[in-house]
Trainee: 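One structure follows; several queries about it will come next.
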Amino acid sequence: MRIIYCDSVIDDKIIEPDYHEEKDAAINAGFGFSLFSFEQLIDGNIVKSLRNVPPADEVESAIYRGWMMTPSEYQSFYDELLNKNIKLINSPEEYKHCHYLPESYSIIESLTPKSYWFNKLDDQAIVKLKEQFGNQPIIVKDFVKSEKHHWQEACFIPDASNKDCVQAVVERFLDLRGDALNEGLVFRKFEELEFLTTHSQSGMPLTKEFRMYFANGKLVQTFDYWTRAIMATWFQTLRCLMK
Ligand SMILES: Nc1ncnc2c1ncn2[C@@H]1O[C@H](COP(=O)(O)OP(=O)(O)OP(=O)(O)O)[C@@H](O)[C@H]1O
Ligand SMILES: [Mg+2]
């Protein structure tokens, strides 16, 4: 089984520096790895993008660790890897299901903040937000990402019934997301989480949160959300779960 990483933008034989240490941990745990060009992929040159990925003799499973792709980029990545006998553990349908919150919302509804999504912020959306959230605080993100580091101006909305405030925050959010906007707008009830500190650079409130990884239906590891993950043990556990 191998892990597929992004190459560094300047040299296609070298891993993207952010993943260097993690790749060593993967090798130590018994995984192979391959590099591909993320930039070529998003430019639509899929064959060129994967030219440094050696094909497998028999079908080999693989895990993608890298920057986020749109579902259609992931689809072409998946298909071209399959042409090389390499099968990502997440199908394109599974990827989309997890990537876009509205896709999985009905399954996690009872466990996640109440959420509504819209193509754009029109009058109907404004009315719906007021109806559903009243004067409660909410946050805005797209189907995938928020602008959390612009917390006050482009993420947190203190009063969902305040039309001017909703419009101002959404406008700034859309400005910042620009072409990177994923599909539409998601509004979520703001939950008071345990406050830790404020972010040293952006000033956003950091709260007690965890990131959990699952493989084959089993928990691989839980990390504090705001501290760097220790990947050595993560890969060892993953290796055992994938056997
Ligand atoms: N409903 C909410 N209630 C309280 N805080 C929230 C809520 N949604 C998001 N936040 C805060 O904003 C941060 C960013 O939100 P989120 O993790 O959803 O977006 P992201 O980090 O941009 O995307 P992702 O984690 O999917 O890459 C969270 O870590 C949390 O601190
Ligand atoms: Mg997040």
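First listed ligand is number 1; within each ligand, the first listed atom is number 1.
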Trainee: Got the closest protein heavy atom to atom 21 (O) of ligand 1, with its distance?
Mentor: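 It is K148 NZ, 2.6 Å.
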
Trainee: Tell me whether W226 reaches ligand 1 (any heavy atom closer than 4.0 angstrom to a ligand atom).
Mentor: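 The answer is yes, since W226 has a heavy atom less than 4.0 Å from ligand 1.
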
Trainee: Output the list of atoms in ligand 1 that are nearer than 4.0 Å to some heavy atom of P113, sorted by atom number.
Mentor: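 Going through ligand 1 atom by atom, the ones under 4.0 Å from P113 are 1 (N).
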
Trainee: Can you spot which of R65, E22, K23 makes a side-chain hydrogen bond (donor to acceptor under 3.5 Å, both in side chains) with Y5?
Mentor: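 The residue from R65, E22, K23 that satisfies side-chain hydrogen bond (donor to acceptor under 3.5 Å, both in side chains) with Y5 turns out to be E22.
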
Trainee: With a heavy-atom distance limit of 4.0 Å, tell me whether E147 approaches ligand 1 through its side chain, its backbone, both, or neither.
Mentor: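 Within the 4.0 Å criterion, E147 makes no contact with ligand 1.
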
Trainee: Would you indicate which of L193, V140, L101, I139 comes nearest to atom 9 (C) of ligand 1 when only heavy atoms are counted?
Mentor: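 The nearest heavy atom belongs to I139.
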
Trainee: Could you tell me which atoms of ligand 1, counted from 1 in the order shown, lie closer than 4.0 angstrom to a heavy atom of K189?
Mentor: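 Reading through ligand 1 atom by atom, the close ones are 1 (N), 2 (C), 3 (N).
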
Trainee: Restricting to non-hydrogen atoms, name the atom on D123 and the atom on K163 that form the minimum distance, rounded to 0.1 Å.
Mentor: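 It is OD1-NZ, 4.5 Å.
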
Trainee: I need the nearest protein heavy-atom contact for atom 17 (O) of ligand 1: residue, atom name and distance, please.
Mentor: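 Atom 17 (O) of ligand 1 sits closest to the protein heavy atom Y225 OH, 3.4 Å.
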
Trainee: Does the distance from a Lys or Arg side-chain N to an Asp or Glu carboxylate O, for K13 and D7, drop under 4.0 Å?
Mentor: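 Salt bridge: no.
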
Trainee: At what distance is the nearest protein heavy atom to atom 29 (O) of ligand 1, and which residue and atom is it?
Mentor: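 Among all protein heavy atoms, the one nearest atom 29 (O) of ligand 1 is E209 OE1, 2.6 Å.
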
Trainee: Checking E73 side chain against T70 main chain: does a donor-acceptor pair fall under 3.5 Å?
Mentor: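 Judged by distance alone, yes, a pair lies under 3.5 Å.
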
Trainee: Counting non-hydrogen protein atoms only, what is the nearest one to atom 18 (O) of ligand 1? Give residue, atom name and distance.
Mentor: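 Going by distance alone, atom 18 (O) of ligand 1 is nearest to K141 NZ, 2.6 Å.
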
Trainee: Which atoms from ligand 1 have a heavy atom of K145 less than 4.0 Å away?
Mentor: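 Counting from 1, the qualifying ligand atoms are 20 (P), 21 (O), 22 (O), 23 (O), 24 (P), 27 (O).
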
Trainee: Within the 4.0 Å heavy-atom shell around F190, which atoms of ligand 1 are there?
Mentor: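 Counting atoms of ligand 1 from 1, those under 4.0 Å from F190 are 3 (N), 4 (C), 5 (N).
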
Trainee: Would you indicate whether the side-chain heavy atoms of I46 and L41 approach each other to under 4.5 Å?
Mentor: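 They are in contact (side-chain heavy atoms under 4.5 Å apart), so the answer is yes.
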
Trainee: Passes side chain to side chain contact (heavy atoms under 4.5 Å, CB included), F235 versus D24? Steps please.
Mentor: CA-CA 10 Å; F235 275 113; D24 290 346; over 6 Å; no

Trainee: Look at E60 together with K87 and state whether they make a salt bridge at an N to O cut-off of under 4.0 Å.
Mentor: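 Looking at E60 and K87, the cut-off is not met.
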
Trainee: Any donor-acceptor pair under 3.5 Å linking the side chain of N162 with the backbone of D164?
Mentor: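 Between the backbone of D164 and the side chain of N162 there is a qualifying donor-acceptor contact (under 3.5 Å).
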
Trainee: Does Y74 form a side chain to side chain contact (heavy atoms under 4.5 Å, CB included) with S91? I'd like the steps, not just the answer.
Mentor: CA-CA 9 Å; Y74 188 83; S91 71; over 6 Å; no

Trainee: For W151, is at least one N or O under 3.5 Å away from an N or O on ligand 1?
Mentor: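 The answer is no, given that W151 and ligand 1 share no N or O pair closer than 3.5 Å.
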
Trainee: Consider ligand 1: state whether an atom of it lies below 4.0 angstrom from any non-hydrogen atom of V144.
Mentor: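 Right, V144 reaches ligand 1.
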
Trainee: Would R188 count as being in polar contact with ligand 1, using the rule that some N or O on each side must be under 3.5 angstrom apart?
Mentor: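 N/O-N/O distance under 3.5 Å: no.
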
Trainee: With atoms numbered from 1 as shown, which atoms in ligand 1 lie under 4.0 angstrom from a non-hydrogen atom of S146?
Mentor: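 Per the distance check, 14 (C), 15 (O), 19 (O), 20 (P), 22 (O).
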
Trainee: List the closest protein heavy-atom neighbour of atom 3 (N) of ligand 1: residue, atom name, distance to the nearest 0.1 Å.
Mentor: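 Result: E191 N, 2.8 Å.
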
Trainee: Find out whether S8 and D11 are in side-chain contact, i.e. whether some heavy atom of one side chain is under 4.5 Å from a heavy atom of the other.
Mentor: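 Touching, per the 4.5 Å side-chain cut-off.
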
Trainee: Of all the atoms in S146, is at least one N, O or S atom closer to the Mg ion (ligand 2) than 2.8 Å?
Mentor: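 So S146 does not bind the Mg ion (ligand 2) by this criterion.
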
Trainee: With distance as the sole test, does E183 use its side chain to make a donor-acceptor pair with the main-chain N or O of F143 at under 3.5 Å?
Mentor: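 Judged by distance alone, no pair lies under 3.5 Å.
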
